[in-house]
Amino acid sequence: MDAAALVPCTMQVNGDARTCAITPATTLLEALRYTLGLTGSKQGCDKGDCGACTVLVDGVPTLSCLTLALACDGRAVTTVEGLADKGVPHPLQDAFDRTGGAQCGFCTPGMLMSAYALLQREAAPTRDEISHALSGNLCRCTGYTKILDAVELAAAELRERAK
Amino acid sequence: MLTLPAFAWSRPQSVEDALAVLAAHPGECLIVAGGTDAVPNLKHRLHEPRRLVHLGGIGELRGIRAGDAGLEVGALVTLTELASHPHVREHFPGVVTAAAHVASPQIRNMGTVGGNLCLDTRCTYYNQTFFWREALGFCLKKDGTRCHVVPQGKRCVAAHSSDVAPVWIALGAEVEIASRDADGAVSRRSIPVEAFFVGDGVHNNVLAPGELVTRVLVPGAAYGLRTSYRKLRPRAAIDFPMLSVAVAVRGDAARIEELRVVVSALGAKPRTLGGLDAIVAGRAHDAALAEAVGAVAHKQCHPLSNVPYDTDWRHDMVPVFVKRALADALGVPA
Ligand SMILES: Cc1cc2nc3c(=O)[nH]c(=O)nc-3n(C[C@H](O)[C@H](O)[C@H](O)COP(=O)(O)OP(=O)(O)OC[C@H]3O[C@@H](n4cnc5c(N)ncnc54)[C@H](O)[C@@H]3O)c2cc1C
Ligand code: SF4
Ligand code: FES
Ligand code: FES
């Protein structure tokens, strides 16, 4: 495949098959934001330091700024836009709102995706497990405490619902 | 926003196909596995390949297998998989600690064992945008003629920064390399990980263009070694090492038979400390022994200003971290 050619890349994005035409030099983050119009994932450092671009690829937290979009052809991608259910916020989103876990909000989509993947595999994470799971997501505003509170609150809410 | 330069794309499905692509485009390719090192470096224009060869489709390079000959770790095994593998956790805790100390959870989900071994060296004056590097007149690793760390030197001394490589070396692990000759015949050879690295920061390993790393092999003889890893870094997550120490010991705290200590993040290749067996063989671990090992490390290791943290302080930290890693390996308080 040569450098300038636009090639099709099909991904299952938040449950829908989406195809975009991109050059090989396109990151997953760029494909999501600028080709598919999903601007929830944030372009922070664009080099792996901040986690604002975190999405799930086949369920695994991944930095979309360092992922080549073509490497995701045929794979499932979940972004922050995929968390709410028909306009009803996910308990994590609700909890971030209630605890003040989002201030400027720039880190929030990435935080939510790392936290979402944690709660998928661990219904009752300890505070340490939460901070470890979020250790690749930087926040310049909150001091993290309210974010950890939010994840604990959401975990409790989800456990309650599962009863 | 950091854009990627234009490149063509290949996604081979086998080692043979990958080697054929590399041979068909000599000098034009960059191999990409997880991309966590290659992609930022492309964005910084540190690599300017015409073509990317993405290894993600090569199933043969996945998987961890433990057999009579030892442990085989495929080049595409992620650091998350390595650090959570039950057999690795049982026998090689030093490998687990090192892999779990790389960067962040997302990066460990993406980063591979092969990419970690082949990680480009790092330097304050190199891991910067094109604009930044241009303002300084570049340096001899890329686009320039002068080294800003050792201005009178002729060699790049950028820091080897892989967390796992020092532990592989302490364990006596080997790396398997696949290559293709002019007739298209594919062959594989294994060499000690220690011999994989060379002391040239521009290209700090023996891989020739057109070659691939396929596996890491931990020999049967490494079972029973007690391993540990200590890393000095500014924050407890995300940061590269500014000093790293891997230890492998045979014996126990009451009687050490053999000791290997590998120190890295100083120069272009990890340094295996010399002369330790004369100090430790047959002796018990105590404060005097730890002090003696620390003193050897202090004497043999020389941090440089290739990473942005105080050189004298890092030098002072060498014996501290060596003593702590030794105590970790032996399971005694540091
Ligand atoms: C913010 C940040 C922090 C980081 N911190 C650390 C850290 O603390 N410690 C650490 O060790 N690493 C760190 N890394 C680097 C990196 O994430 C890991 O070392 C990772 O394991 C690299 O693997 P990869 O598959 O992503 O490599 P890639 O980026 O795909 O490749 C790295 C290099 O190896 C070559 N390569 C890859 N696979 C092969 C192969 N099979 N055969 C031949 N050549 C190959 C590529 O051509 C490239 O030059 C960090 C990265 C980032 C972005
Ligand atoms: S050690 Fe010198 S030559 Fe090498 S990257 Fe740093 S400044 Fe450049
Ligand atoms: S934007 Fe991807 S890690 Fe910062
Ligand atoms: S809320 Fe502003 S960066 Fe986290």
Side-chain angles (χ1 to χ4, degrees), chain A residues 1-5 7 9 22-30 33-34 42-75 110 113-115 117-118 121 129-138 144, chain B residues 1-12 21 25 28 30 32-46 48-57 76 78-81 83-84 100-111 115 127-129 235-240:
Chain A
M1 237 166 257
D2 76 51
V7 289
C9 175
I22 51 172
T23 66
T26 306
T27 62
L28 174 59
L29 180 63
E30 290 163 344
R33 287 179 60 87
Y34 308 122
K42 294 291 172 265
Q43 197 160 16
C45 64
D46 225 3
K47 61 189 183 74
D49 293 323
C50 76
C53 65
T54 304
V55 299
L56 309 187
V57 177
D58 292 337
V60 177
T62 299
L63 298 179
S64 59
C65 72
L66 299 187
T67 302
L68 295 161
L70 284 180
C72 296
D73 194 26
R75 303 176 74 182
M113 298 320 289
S114 289
L118 170 69
R121 60 171 193 272
E129 284 167 341
I130 299 170
S131 62
H132 197 251
L134 300 183
S135 62
N137 295 82
L138 300 185
Y144 300 98
Chain B
M1 191 160 151
L2 294 163
T3 55
L4 284 165
F7 44 73
W9 170 262
S10 300
R11 193 170 157 90
V21 173
H25 304 279
E28 296 187 352
L30 179 71
V32 178
T36 58
D37 181 49
V39 172
N41 289 357
L42 284 162
K43 288 182 171 185
H44 286 163
R45 303 300 186 269
L46 300 174
E48 295 171 294
R50 292 253 191 93
R51 174 175 297 271
L52 248 59
V53 180
H54 196 274
L55 302 184
L76 283 185
T78 67
L79 297 170
T80 300
E81 288 163 353
S84 55
H101 276 69
V102 173
S104 66
Q106 298 97 313
I107 290 174
R108 294 192 291 274
N109 292 339
M110 303 165 71
N127 298 97
Q128 304 288 354
T129 59
R235 298 172 292 187
I238 305 176
D239 292 322
F240 279 94

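Naming: A, B, ... by sequence-line order, numbering from 1 per chain.
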With sequence neighbours left out, write down each residue that passes side chain to side chain donor-acceptor pair (under 3.5 Å) with A:Lys42, or none if nothing qualifies.
none
Taking every heavy atom of B:Pro105 against every heavy atom of A:Ser135, the minimum-distance pair comes out as CD-OG, 3.3 Å
Less than 4.5 Å apart, side chain to side chain, heavy atoms only: is that true for A:Val60 and B:Thr80?
no
Which atoms of A:Cys45 approach chain B - backbone, side chain, both or neither, heavy atom under 4.5 Å
backbone
In terms of heavy-atom pairs under 4.5 Å with chain B, which of A:Leu29, A:Thr62, A:Leu63, A:Asn137 leads?
A:Leu63
Side chain, backbone, both or neither: which part of B:Leu42 has a heavy atom under 4.5 Å from chain A?
neither
Return the option, out of B:Ser104, B:Ala6, B:Ala8, B:Gly56, with the maximum number of heavy-atom pairs under 4.5 Å with chain A.
B:Ala8
If I measure from the heavy atoms of chain B, does A:Leu138 come under 4.5 Å with its side chain, its backbone, both, or neither?
side chain
Does A:Asp46 offer a backbone N or O that forms a donor-acceptor pair with the side chain of B:Lys43 under 3.5 Å?
yes
Could you pull out the closest heavy-atom pair between A:Glu30 and B:Thr3, with the gap in Å?
OE2-CA, 4.5 Å
The test is side-chain contact (heavy atoms from CB on, under 4.5 Å); show your working for B:Trp9 and A:Leu68 and say whether it passes.
CA-CA 10 Å; B:Trp9 170 262; A:Leu68 295 161; 3.7 Å; yes
Interface moiety of A:Ser114 toward chain B, non-hydrogen atoms closer than 4.5 Å:
side chain
Test of understanding: with salt bridge (Lys or Arg N to Asp or Glu O under 4.0 Å), list the residues that count as partners of A:Arg121, not counting sequence neighbours.
none
Given a strict heavy-atom distance threshold of 4.5 Å, which part of B:Thr36 is in contact with chain A: side chain, backbone, both, or neither?
both
Okay, A:Ala133 and chain B: the region with an atom under 4.5 Å from a heavy atom over there is backbone
How many angstroms lie between atom CG of A:Leu56 and atom CD of B:Gln106, to the nearest 0.5 angstrom?
10.0 Å
Heavy-atom distance under 4.5 Å to chain A: side chain of B:Met110, backbone, both or neither?
side chain
Looking at A:Thr23, A:Leu134, A:Leu70, which has the largest count of heavy-atom pairs under 4.5 Å with chain B?
A:Leu70
Under the side-chain contact (heavy atoms from CB on, under 4.5 Å) rule, what do A:Lys47 and B:Leu2 come out as? Steps first, then yes or no, please.
CA-CA 8 Å; A:Lys47 61 189 183 74; B:Leu2 294 163; 3.9 Å; yes
